[in-house]
Every structure is written in C-alpha cells, then in structure tokens.
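Numbers here are sequence positions counted from 1. Treat the numbers as computed from the prediction; the structure is a model and nothing was measured. Both backbone and side-chain heavy atoms feed into the values below; hydrogens, waters and symmetry mates do not.
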Amino acid sequence: MKKIIVRIKVAVIIMKTRITYLPFKMSIVTFAILLASTTIVQAEEKLVTEDIEVITVKGRAAQFYFVEESTMATKTPTDYMDLPQSVQVLSKELIRDQAARQTSDLYRSISGVTQFSYSGITARGFRQDQVRYDGVQGDPYSGFSIPQLFNVERVEVLKGPTGMLYGAGQPGGLLNYVTKKPKFSQHAEIALFTGNEELFGAYADTTNAINEEATLAYRLGGFYQSKKGFRNNTDETNTLLSSGLTWLATDNVDLTFQYDFIDQDLDGHRLRGVPVDDNGNFLTDISYSPNEKTDFQRLTADVWQVIANTQISDKLTNSTVLRTLDNERTQNYHENRGLAEDGRTMTREFRDQLRENTEWSITTDFVYQTTTGDVEHILLFGADYFNSESHYESKLGRGAPSLIPDIDIINPVYGANPNDYLLLTRPDSDSKSNRLGIYMQDQIRLNEHWLAIVGVRFDKFEDKSVTDNFTSSDDNYSPRIGAIYQPNDEMSVFANITQGFQPQSLYNQAESSYDNDVIGDLKAETSTQHELGIKNEWLDSSLHTTFTAYHIVKENVTSWNPEDTGINDGIPAIVQIGEVTSEGIEIDIVGDFTETWTGTVNYAYNKAKITGGAPDSISNSVGDEFVNAPDHTLGIWTRWDLPSINSAFALGTDYVSERISLSGQKVKPYTVWDASWRSTINKFEIQLNLKNILDKEYATSGFNKRNGHFPGEPRSIQLQVSYAI
C-alpha cells in the first residue's frame, strides 16, 4: 500500500494543518486537490505508474478557535510553537460565537486578565490601560470609552513586560487589535440584531477586488447599535464607519490605506459603581446611578492608517505603518461623594469635562533572513516614533454649596438641572508627549531542537505640560532573551527574561518636588519577568496546551509620602520607594477535541504583593493586596457542531475569585454562565446568545468606598440574523 503525504505551503511557511468539519462540508480528497494541486501535478507521472490505494492528508486546514501563527511576540510571522513567551490569540470565530461587541466581552477568554474599570484590565496582578492597533500606538477610545470590535479581525495578547518590542507599558501584558483589511476575493455580509434592554443594531461589510488585474481591493463597512442600559438614565449609541483600499503597486510593494470614523454616544455615562458594605453586598439595587438624564459621554474620532510592505530582496523585507487620529471626548456626569449617617443619602459632585487628543505614530521594521553555517537567523531592525498633544477643560461643583442636590440611593428621584449649578472652572490644561524607540532582535534556529531569541530596545521619552511649563524626560533600555527546546514536533519548552518600563506621569513628577516651581526627578517604573513554560500539541496537532509559570518584580513604584503634611514645607507628597512582586501560573487549552467539538479553557493563579516601600500608599493596592487582582480565574467556552442540521451550540462559564477594592472592601467571587446557538440555512445564519443565564448579581470589579463596585450585566438575550455571499 502506498501513501502520499500532502503538505501545504503558505507564505513560505510549512504549516501543520488539520481537516475537520467546515461550514461547507468538503471531502478530504477534494480538499487536498484544491489546496495542493501543485504537489499532485508534480507527482503525476508516479501516480500513473503506481497503484495508489489511500491518500492521507496529514493535519487539518482550519480550526475555529486556534490561530497557529502570530506576529505579536516577535513582529515577524512566527509559529505558535516557536514563540518563547506566553501569547494568546482570540480568533474571529471565538469573537463571533460569544457575540462580543466590545473588548470587555472577551476578558473571560484571556488567562490572568479581569476587568478593572471601563476598558482598563488587571493582567498578572497589575492594572493595564494601554493597547495597540496593528502593533502600533494610537487608541481612538483612549480614556473612559470601551473599544468596539466591529473592525477587529482578531485580538492578540502578549503576556508579561513588552518593553523590548513596544516600549512603555505595565508588566502584566499588552492587547493588540488586528484590524480587518481588504481582500481580493468577494465577501459581503449584512446583519440585523436585537435583544432585551431595547437593543437594536445592524452592520454591513463588503470586500472584493476592484479591477481585473487584481491589483486593487477595497473594504467598506458600517456598524450601528442602540441600547438602553440596565443602570438608571443610561443608554448608548455606537456608530462606526470603516473603509480600506489595498494596492499591489508592484510585485514587491503593497500599500493598504484605512480610514475609520467613530461616534460613541453614551447617555448617563461616565458611570461609577453602586455602593456596597465592607463584605461586598450592594446597598441598593444595581440599577442605581447618581447620573441625571441630561448626563452624557460623547466620543468622536477620525483614524487614518497606511501600511506599506516592501520585498526589498529575497532575504530583506520592510513593513512601515503610519497611524494618526483626532478624537474629542465630552462628558457631563454626577459622581458619588459619600453617604450620610443615615446610610442612604448620597452627596453628589458634578463634572463638566472636555478632552481633545491629536496623535500620530510611525513604525518601520526591517526583517532580514540569513543562514550562518547551519544556523538560521531572522533579524529584526526597527524604530517607532509617537507624538500626542492633549487639551483638557473642566468645571466641577460638589453638594449644597454648588446647588447640587443629594440623592436617595434606595429611592432615587431625578430631575436636577445642571444649568442651575454653581461650578468652579479649573484652568485649561495642555500637554505634549513624545516617544522614540529603536530596537533590534535576532530569532535563531540553532538546530532541529533548539531555538533562541535575543533583543534590546532603547527608548527616549519626554512629557511636557505646556500650561505649567514643566518638562519630564528620561531614557531606558529594555532587553529580552528567550530559549526554546523542542524534543519533538509536539512539544516546546521555553524560558525567557523580559523587561519593561513605565514613565512617571507629569502629576507624579510635580508632586514629588520639594519646590512647587520645580519639576521632580522620578525615574521610570521598571519591571523584570522570569517566565518558564511548556507548550504541547495533542490529538494529531488538533489540540494545544500551554503551561506557564512567571515571576515579575516591579521597581521604582511611586508612593504617597507618609511624612507629607499637605503644606509647602519642603516635604514632597510623592516618593519613589515601592517594589511589587507578582507570581503565578497560567494554563491554556485551545483547539479541537473531536471533529465536531472545539473549545478554549484557561485557568490562572496569581499572587501580587508589595515587597518594598509603603504598603498602604502604593497606587492600586491596599496593604499587601493589589486591587481587583484575584487569586484564581477560570474561563471556559466550548462549542459542539451539529453538521446534520447545520448548527452549532456553545456553552461558557467565567469564574473570578474574591478581590478587594481601593478602599479594602471585599469584591465577592462570582461564576457566570453564557450560551449560544448558530444555525445556517442556505446563506442565512441565525444566532441566539444568552448571557448570564442564571441572572447572577455580581460585581465585575471594585472601585472605592464612596463609589462602590461596578455591577455586572443581568441576564440578557440577543438574536442576530445575517446574510453572507
């Protein structure tokens, strides 16, 4: 008996693939012919003269939740098994199955990540607010808005400090949103969706080649959603428009132009929490909000991006990304300022704010592949520059002196008119930031079993308060070294040492000075991670597991000075005496258990504690515990395909153990269950999602005593009907 092994070559990378149930059922033989015709033609003579009884295709071509290749950890397309650092990639199928509309819907699927507030997260014990788009800076939702996912193809998560590749950031990790790009094959989809809380929405997305030569391709998309929130006086409207054009200028140069418009209108926002007692019990219904019907948060943004890829020679390529954006965020909102002795009368503060940002960045990466003897190298040389200018205006008032009425949290009565308030106008604030980074990296394949990666980055950063004429500048080196041992094709044992940094804010610098007229000299916070892990492929490479253990030390953490008297007596309000250590393990399972059963499972244990400094003063900590940093998290999402009826059923759960708030109040553990059903009829797809099936009352995170905890959404249902060609 003769067997032919068909290998599929994609973008010069030999990929292990596996065939399973696809939306359009396809036989193994047909699939092999379509994707491996070149191999079969070359073997034609041998096929004619020899009898072939079996054609075996090794592997499978598509998986729903596993993405085999990522650029996040190296800035070069690298196989999952060849990455010497913990990385997770959330596929478009996972995003769709979970009916995820915004980034906070996905945190359950990322080990070691939970929500902090708004779009901020806790990752490996540390608060993290920064993200990347297509690997570069420029977040149009910066501030208190939550990124939407309509224009996102997949989400990549790089765990631990990321200074060597991406510059400044917290040591827990970094999220990267890979945006949708034009394609040269036709695809169009239109969808309508509805649900409880007066949910209504629609989107349309189309892409195709423009000319017969297939050198131009376009993408156009639009998204609209309106919904009434479960909190009093809240509703939201999201409008997104997206366009893209890809031009194959020559055989060696391609350009992609993208433009996005974002309009997010969140009435009744910016939202704070619901007051709780010290044991984490809500003191009133979770629908409570201090906001009036006239309160709002409005974001508008224009985002432009150009990506240029150039094949300079057989061994040398360049990728350059230019990204620029303008956004404006206006908000009027009431905030809790503390309960009276009766336990139900809340004093309120009113804020009227305007924020304007103009940002642009350019990133260029040169990749050179070479061989020295038997050793293979992939060399990366890159640089990036980021510039932002910010403008801030604010008015505020508090309580009776400002004519702002108190509110009863048990039986709230609304109707106050902010036009009658007596508000204090603060001076306008203008600031500028500059970031310059230069980096180089070498991915080395020493032999069949050993790989290594070494790299270093130099950053220079400067922040300037135009209003106060304060300037803070510094520089930093961020090295990384990693090694991989692969005893066989199904196992990778990896270890790495990575470093990161976070510049001090202008506010911290000003508060650290002995003289109110002189800027302080706080050094950037620095972090070092030691990580050890093992990756395995199971069931003929259809299932992938990652086990990781890490140890992170963050130094130069700023703290409030216990000796500060609050007056100008030469004692600074902030000093740099803190050290934090975070240790933990993460277990990730993703892939196909059978041809019709797929899923993801992630578990994380983390313990972050203060190992130096003033425990009661370090930001986002209380005593030796870190705020919103649970010891245990568990996320499961599993899907069963039912090919006989063209349907799929999915079930998921999200568990987060006990945490504390900024005021040391308990944040109770919770477990939430979700489910979805998808059916295909011709080119129509019907999808039904149930979230928080058991209608669990819980807090996604804690804030402080006067503002309480952020409540999770009650049970909800969503129905979507889409048509695709």
Side-chain angles (χ1 to χ4, degrees), residues 18 20-24 60-68 88-111 113 147-157 175 177-178 180 187 189-195 199 201 203 205 223 225 542-544 588-602 634-643 645-655 672-681 683-693 713 715-724:
R18 287 162 293 120
T20 188
Y21 167 72
L22 298 172
F24 301 103
R60 164 187 173 168
Q63 290 181 317
F64 286 117
Y65 297 157
F66 179 70
V67 179
E68 190 165 5
Q88 277 187 264
V89 182
L90 310 184
S91 70
K92 62 181 179 181
E93 274 294 334
L94 179 64
I95 294 172
R96 185 172 186 125
D97 271 357
Q98 296 185 356
R101 305 293 182 194
Q102 58 189 30
T103 58
S104 56
D105 296 331
L106 293 175
Y107 298 153
R108 68 176 321 145
S109 300
I110 309 171
S111 58
V113 168
Q148 303 296 299
L149 295 173
F150 167 69
N151 193 37
V152 173
E153 180 79 10
R154 65 182 183 274
V155 179
E156 301 176 327
V157 188
L175 273 66
Y177 302 114
V178 179
K180 297 178 181 178
H187 178 77
E189 182 179 19
I190 186 170
L192 296 173
F193 56 90
T194 187
L199 172 66
Y203 67 82
D205 204 331
F223 174 88
Q225 173 187 286
S542 64
L543 190 67
H544 300 258
D588 295 291
I589 305 171
V590 59
D592 301 331
F593 303 98
T594 70
E595 290 187 353
T596 57
W597 178 24
T598 189
T600 69
V601 180
N602 68 82
L634 173 67
I636 300 174
W637 185 266
T638 183
R639 161 179 166 155
W640 293 269
D641 288 313
L642 308 171
I645 57 174
N646 291 327
S647 300
F649 170 72
L651 182 68
T653 187
D654 182 21
Y655 167 76
V672 176
W673 293 87
D674 300 338
S676 77
W677 180 276
R678 291 172 64 175
S679 291
T680 302
I681 304 174
K683 295 182 179 180
F684 287 92
E685 182 178 80
I686 301 171
Q687 179 171 340
L688 181 68
N689 281 79
L690 291 173
K691 297 187 177 182
N692 194 358
I693 299 173
E713 187 174 4
R715 180 170 49 226
S716 65
I717 183 171
Q718 178 178 306
L719 175 66
Q720 175 174 295
V721 179
S722 59
Y723 178 80

Between Leu90 and Ser109 the two heavy atoms that sit nearest each other are CD2-O, 3.8 Å
Residues at least two apart in sequence or cross-chain that pass side chain to side chain contact (heavy atoms under 4.5 Å, CB included) with Asp654, listed by chain then number, are Arg108, Val656, Tyr670
Any donor-acceptor pair under 3.5 Å from Gln718 side chain to Phe193 backbone: no
message = If we ignore hydrogens and angles and just use 3.5 Å, is the side chain of Ser676 paired with the main-chain N or O of Phe649 as donor and acceptor?
response = no
In short, Ala650 meets Trp637 closest at the heavy-atom pair CB-CZ2, 3.5 Å
In terms of heavy-atom contacts, Asp674 and Leu651 come closest through O-CD1, 3.2 Å
Nearest heavy-atom contact between Leu199 and Thr194 is O-OG1, 2.9 Å
Does a donor on one side chain sit under 3.5 Å from an acceptor on the other, for Glu93 and Ser91?
no
What I'd like to find out is whether the side chain of Asp205 reaches to under 4.5 Å of the side chain of Phe150, using heavy atoms alone. yes
* Asked: Got a salt bridge between Glu153 and Lys180, using NZ or NE/NH1/NH2 to carboxylate O under 4.0 Å?
  -> no
Sequence neighbours excluded and cut-off under 3.5 Å, please list the side-chain donor-acceptor pairs for residues 684-691, or say none.
residue : atom : partner : partner atom : Å
Glu685  : OE1  : Arg96   : NE           : 3.2
Glu685  : OE1  : Arg96   : NH2          : 3.1
Glu685  : OE1  : Arg678  : NH2          : 3.3
Glu685  : OE2  : Arg678  : NE           : 3.3
Glu685  : OE2  : Arg678  : NH2          : 2.9
Gln687  : NE2  : Arg96   : O            : 2.8
Gln687  : NE2  : Asn689  : OD1          : 2.8
Asn689  : ND2  : Asp97   : O            : 3.0
Lys691  : NZ   : Ala99   : O            : 3.3

When rounded to the nearest 0.5 Å, the distance separating CH2 of Trp673 from CG of Asn692 is 12.5 Å
Between Ser722 and Ile190 (side chain of the first, backbone of the second, donor and acceptor by atom type, cut-off under 3.5 Å), is there such a pair? no
- Arg715 side chain to Ile693 backbone, donor-acceptor under 3.5 Å: yes
Scanning both residues in full, the closest heavy-atom pair of Tyr107 with Ser104 reads CE1-CA, 3.4 Å
Of all heavy-atom pairs linking Tyr177 and Thr103, the shortest is OH-CG2, 2.9 Å
Q. Would you say the side chain of Tyr203 lies within less than 4.5 Å of the side chain of Glu189, judging by non-hydrogen atoms?
A. yes
Taken to the nearest 0.5 Å, the spacing of Leu106 CG from Leu149 CG works out to 5.5 Å
Rounded to the nearest 0.5 Å, the OG1 atom of Thr600 sits from the CD1 atom of Ile589 at a distance of 9.5 Å
Rounded to the nearest 0.5 Å, the CD1 atom of Ile636 sits from the CG atom of Leu634 at a distance of 4.5 Å
| message | For the backbone of Gln98 and the side chain of Asp105, can you confirm whether one donor and one acceptor N or O come within less than 3.5 Å of each other? | response | no
